[in-house]
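Beneath this line is the structure, given in structure tokens, with notes to follow.
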Amino acid sequence: MSEGGVLILGRAAGRDLLLNASDLIEMLPAVPVTPLPGPLPGIAGVILYQGEFLPVLDWVALPGWEQSLAEATTLAVLKRRLALPLEFLSGALEAGHEGVRIDPSGDDPWAPFLSAICTFEGSTLPLLDPDKLIDWLHHRRTER
Amino acid sequence: MDQPFEDVWAECEDLFAQARQTLASLKESQPAYVVQASVNALFRTTHTLKGMAGMLGFPSFSRSAHRMEDIFDLMRKGRLRSTDSLAETLEAGMQALEAGLEGLKRGRPEPEDYLHGLRRELGELEALARPLSGESQDLSALLDLPAEPLKALSDYERTRVTSALMDGIPIHGLVVCLDFATFDGRLRRFSDGLAHQGEIISTLPWEVPEDREGLAFMILIAGASLDLEVLAAEPGEILEARLLADPVRVPQSLRAEVPAELESSPLPVEPEPEAPTTPVSQESEILRLPAQRVEALEARLMSVAQLRDSVSGLLRGWGGDKTEAPLEILGEMEAGLLNVQKALLQMRMVKVDTLFSRIEPMVRTLSRDMGKPVRLTLQGGDLEMERGIVGRLGEPFLHLVRNALDHGLETPEERRALGKAEAGSLRISASQRGRSIRFDIRDDGRGFDLARMEEKGLAMGLLQPGLSASPERLHRLALEPGFSTLDRASQISGRGVGMDVVRAEIETLGGEILLSSEWKRGSLVRLTLPLSRVVVGCLKVRSRGQTFGIPLGNVLRVQVGREVYHGGDKVKVLGLEIPFESLQVCLGQGDPPEGQRAFVVLSQPGGTAGASLEIALGVDEVQGRAEILLRSLPELAQIPGIMGGSLQEEGILWVLDPEVVLGLAMDSLMRRVAHV
């Protein structure tokens with residue numbers, strides 16, 4: 001699956017997750033998000049990033065979310081122009097050091113936007129697939 | 001593509017844009033020296049294009065550019081006279097080269113001869129310019145000059161002297177004696193001043209008077225008279241004018257038909273009151289920058305704006321009298337930053353006229369070739385668009401104009417039979433709609449044959465048998481690859497490879513294309529292209545704790561009163577009853593429970609006051625007008641009714657898309673009526 005590169009380990013929406021560093025532009029300290037002037041599923045609002053508006057994901061809109069959302073400390077800026085608010089960053093690991101990867105199970109509510117479930121130091125960690133996540137967001141928009 | 005190659009392509013595009021402008025000026029009535037300067041500029045342009053094509057490895061392009069260069073050389077040597085038909089042939093030639101360049105950029109193979117379609121016209125011109133005796137006339141001996149400087153004249157300069165004298169234009173010499181320290185700048189200044197008075201043929205080194213030090217030159221100029229006053233010589237500078245050759249000394253048998261104004265005006269005549277055209281020597285310097293540098297500068301400027309906002313926020317937090325002065329300074333800084341942002345935006349923009357200037361000769365050539373007279377109207381050329389977008393619209397417009405003339409407009413005979421004017425009408429207009437530019441291409445031709453299109457669509461499997469297709473769907477069939485209702489393709493169009501190219505290019509630019517028509521009445525092709533950034537004049541309003549901007553072009557009236565309105569009410573404005581709906585509701589934020597006292601009457605643009613759609617849009621507060629830099633929202637953050645936003649001191653100001661808001665308001669009002 002991942003050959004070389006770095007995986008970022010973080011926590012969002014009460015769940016530990018992995019992000020492929022090659023999918024990211026950068027990690028930013030969290031800044032206030034301006035809400036949009038109307039409901040938009042999956043998007044919490046926008047921030048100004050490099051002179052342009054950048055949408056920020058609203059984890060609450062993702063299926064399976066049941067907990068209260070902790071305040072984000074970091075924003076992971078995806079190359080596909082979406083910021084993911086993270087509660088914290090736990091670290092990074094060389095790709096290949098994570099354990100066996102398996103396809104996400106259909107029982108996992110995040111399955112539609114994961115590329116794999118990895119095992120690392122006894123934990124199972126979902127690896128986020130930005131393309132799938134953004135496609136899912138687009139799909140939600142058109143469903144409205 | 002490599003940056004150096006990008007630069008060469010971009011420079012070629014600039015050269016073609018300049019050539020279009022210069023060629024268009026050849027058809028206007030202008031003094032001979034201005035025409036000469038234009039022809040010289042075109043000669044240099046084609047020469048440069050030839051060199052660049054060689055450098056890029058396109059020998060065939062280089063050969064064709066060389067042929068055009070030769071024609072311009074014949075013109076500048078006076079062996080071809082500038083006429084409208086010559087200018088049209090040259091326009092067609094440059095157009096063929098420009099289209100060829102566009103093809104090369106897209107990776108198409110080089111044709112054998114870019115000027116193949118003009119081979120007859122160009123051959124005739126070359127034959128016409130060939131001297132009958134095998135050599136050209138030289139009248140430079142008529143110049144009242146010593147032998148040495150006379151020998152120093154180049155072939156080209158001799159040709160120009162001869163041509164001017166044969167045209168009845170006298171040759172003057174202006175001796176200038178200048179200081180060593182400043183001679184270059186001063187000589188350039190004199191040359192620029194003289195360029196308004198005639199054609200500068202040569203600048204020769206001249207003997208310095210015995211009692212003087214410095215450098216002297218003799219400037220040879222062809223013109224009716226010289227006005228030395230305007231040259232504003234400085235103390236100590238010597239200016240001395242003399243007549244070097246009078247056309248009356250040209251043997252009658254060699255004299256061309258002398259222009260009436262020169263024949264009847266004894267020397268000296270009044271100088272031209274003002275120069276209509278900027279001489280080539282005064283062209284301003286063009287600075288070429290990679291777009292990324294401007295983008296980086298914009299991003300830095302944005303960081304500065306954010307810092308300014310942070311400081312402003314801190315000061316407001318502290319409060320008190322002492323913060324008033326710094327806040328005022330920050331306000332000025334904000335205005336300054338907006339000006340710089342606008343200036344940066346300006347650097348990326350070109351007028352729509354640059355696109356129109358390519359369309360005009362295209363239409364003329366097609367109209368002539370097809371024998372269909374056309375009345376072309378172009379509107380909105382003053383609007384500005386990003387240079388990159390304009391550059392990519394050339395090919396789509398070529399297809400659209402070809403289609404309009406080939407398929408849309410009928411022949412003069414057909415039009416007469418239908419009771420239409422013999423000349424067809426083609427109207428191309430550009431208008432700004434918020435963060436988009438809209439191009440409407442309308443013709444008054446036959447329109448789309450929807451029955452035939454349906455038949456073809458079914459045959460091609462694009463439509464499902466048994467299901468009726470809407471007119472919109474049928475029109476859109478024209479945008480499908482390979483779709484054509486013509487059984488035989490003409491030289492111009494009909495191969496079904498045009499409109500899909502238009503669609504692909506417009507969609508790549510993030511735009512939309514819409515087709516509509518009325519049978520036998522005409523067609524409309526509407527292109528809507530997004531502008532990434534644009535400065536918009538807005539009315540600032542507050543609603544549910546957020547600030548919004550409404551483009552002023554859509555605001556008919558603003559009213560703040562005592563009466564409270566709720567969604568579905570009617571408000572009376574100037575005797576008219578207008579439905580009221582709250583902006584909050586339009587944006588899906590629910591009804592304001594207390595109602596609203598302020599509203600803005602929004603109108604659909606383009607309609608007359610009586611016929612247009614109007615809504616009284618309820619808001620909490622009206623704050624006034626502002627000019628803002630609008631940034632578009634990324635697709636994931638787009639919500640209906642919002643066209644973009646702008647960073648303001650109080651946070652993000654959301655700019656409404658009035659047409660969409662009107663639609664949302666109407667939907668909501670209808671739901672209220674239906675109690676849904």
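Residue numbering restarts at 1 for every chain, and letters A, B, ... go by the order of the sequence lines. Because only heavy atoms are used, hydrogens play no part in the values below, and waters and symmetry mates are left out as well, while side chains stay in. Computed from a predicted structure; not experimentally measured.
Atom CG of A:Leu36 and atom CG of B:Leu587 lie 10.5 Å apart (nearest 0.5 Å). The CG atom of A:Leu40 sits 8.0 Å away from the CG atom of B:Leu636 when rounded to the nearest 0.5 Å.
Your options are A:Gly38, A:Pro37, A:Pro55, and the one with the most heavy-atom pairs under 4.5 Å with chain B is A:Pro37.
Atom CD of A:Glu26 is surrounded by more than 12 heavy atoms from other residues, nucleotides or ligands within 6.0 Å. No more than 12 heavy-atom neighbours from other residues, nucleotides or ligands sit within 6.0 angstrom of CD on B:Glu512. Counting non-hydrogen atoms of neighbouring residues, nucleotides and ligands closer than 6.0 angstrom, the CZ atom of B:Arg625 reaches no more than 12 such neighbours.
Of the two parts of B:Thr547, neither the backbone nor the side chain holds a non-hydrogen atom closer than 4.5 Å to a non-hydrogen atom of chain A. For B:Gln584, no part sits under 4.5 Å from any heavy atom of chain A, backbone or side chain. At a 4.5 Å heavy-atom cutoff, the contact between A:Ile43 and chain B is made by side-chain atoms alone.
Within the 4.5 Å cutoff, side-chain heavy atoms of B:Glu635 are placed close to those of A:His138. Residues A:Leu54 and B:Pro634 form no side-chain contact, since every pair of their non-hydrogen atoms from C-beta on lies 4.5 Å or further apart.
B:Gln546 contributes a side-chain N or O that, together with a main-chain N or O of A:Pro35, makes up a donor-acceptor pair within less than 3.5 Å.
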